[in-house]
Amino acid sequence: MIDPKKPGAASGGRVNVKTLDFYLTPTHACNYLPGREAASLVADVGARITTQTYGALIDYGFRRSGEYIYRPHCQGCTACIPVRVPVAAFRPRRSQRRTWQRNQDLMVRRVPVVYQEEHFQLYQRYIADRHRGGGMDHTDSEHYLEFMHAAGIDTGLYEFRSAERLLAVAVVDHLAQGFSAVYTFFDPAEHARSLGVYAVLWQIEELKRRGLPWLYLGYWIKECRKMNYKGRYRPLEIYRDGQWIRNDE
C-alpha cells in the first residue's frame, strides 16, 4: 500500500490518493520471468481516476494498462523497477543520434483515441511479428481500443508517417509533469528505422519543447530481453524505497 510518509514527487498538484482503495490480485505466472509468480497492487477500478490522480499515482511507481492502474507487488521479487527519463539531462547515445537522423523524414501528428482500421491493421502486424504467443495476438478490435484508452485520462495517439504511409503509432498519456509512454507499435518491415527507439526520442524532444521534466517508461526488467531496453536511455531515474533516485549503473 502507499506509504503516506513518502508522497513521491508529483509536480502536477497534490492529489489525496490515500482515499483510494487498493486490492492485491491473486498470484499468477509471471509474464516476463519464467518460473516466477507475480501479483499486482491495483487501484479500485470503480473509482474515478482522472489525469491528475494518475499523475500522482505514477510518482508512486504505478502504471496504466487500459483502465487498470497497478504496481507489481510480488513476494520475494523486485525485478520490475519503475523508471523515468529526466528529459533536460538526457544525452543520446551515438546509435540513438543515428536513429534520430534516419527518421527526420517522418511527420508526427496527434489524433484522437478512436478506432481506426489503419491503426488496428498495423497493430496486428506488429503483434504477429514481435509478440506472437504472448497473449495479445488474439486481440480483437474492441479489446485493442480498451487496452489503449482509459476514461478520465488524457491520452493521445501520435501517428508517425512517411508521406502518407503510416509507420508507427505511439500511445501517450499526458500528465502535468510529463508523458507516460503507454505503448508503441510499428511496421515490422521497417526494422532499419528503429521506430520504437525513435518514438521514445521524439517524446523526449517534445517534452523539452513543452518544458516538462519527465518521460515515464514503465517498468525496467534487466533480466527480460523485451524490457531491458529501457536502461539505454540515460540518465535514468528509478523508483526505489519510496523515492526517485538517479541510477548510475
**Student check: side-chain heavy atoms of Tyr126 and Thr184 closer than 4.5 Å** = no
**Message:** Taking the six-membered ring for Trp, are His174 and Tyr158 closer than 6.0 Å centroid to centroid?
**Reply:** yes
**Request:** Please examine the side chains of Phe160 and Leu195, heavy atoms only from C-beta on, and report whether any two atoms are closer than 4.5 Å.
**Result:** no
**Request:** For residues Ile81 and Lys230, determine if any side-chain heavy atom of one lies less than 4.5 Å from a side-chain heavy atom of the other.
**Result:** no
**Residues in salt bridge (charged side-chain N to carboxylate O under 4.0 Å, His left out) contact with Arg193, at least two apart in sequence or another chain** = Asp105, Glu190
**Request:** Please assess His73 against Phe22 for the test side chain to side chain contact (heavy atoms under 4.5 Å, CB included), listing each intermediate value before the final yes or no.
**Result:** CA-CA 12 Å; His73 195 84; Phe22 295 84; over 6 Å; no
**Message:** Would you say the ring centers of Tyr54 and Tyr216 fall short of 6.0 Å from each other?
**Reply:** no
**Request:** For residues Tyr115 and Met148, determine if any side-chain heavy atom of one lies less than 4.5 Å from a side-chain heavy atom of the other.
**Result:** no
**Side-chain heavy-atom pair Ile49, Arg64 within 4.5 angstrom cut-off** = no
**Prompt:** With sequence neighbours left out, what residues match Gln116 under side chain to side chain donor-acceptor pair (under 3.5 Å)?
**Reply:** none
**Prompt:** With a 6.0 Å cut-off on ring centres, are Tyr198 and Phe186 close enough?
**Reply:** no
**Salt-bridge contact Glu206-Arg210 (side-chain N to carboxylate O under 4.0 Å)** = yes
**Request:** With Phe120 as reference, evaluate Phe185, Tyr144, Phe147 under the ring pair (Phe, Tyr, Trp, His ring centres under 6.0 Å) test and give the passing residue.
**Result:** Tyr144
List the atom pairs, with distances to 0.1 Å, where a side-chain N or O of residues 36-46 and a protein N or O form a donor-acceptor pair under 3.5 Å, not counting sequence neighbours.
from: Arg36; atom 1: NH2; to: Glu223; atom 2: OE1; distance (Å): 2.9
from: Asp44; atom 1: OD1; to: Gly46; atom 2: N; distance (Å): 2.9

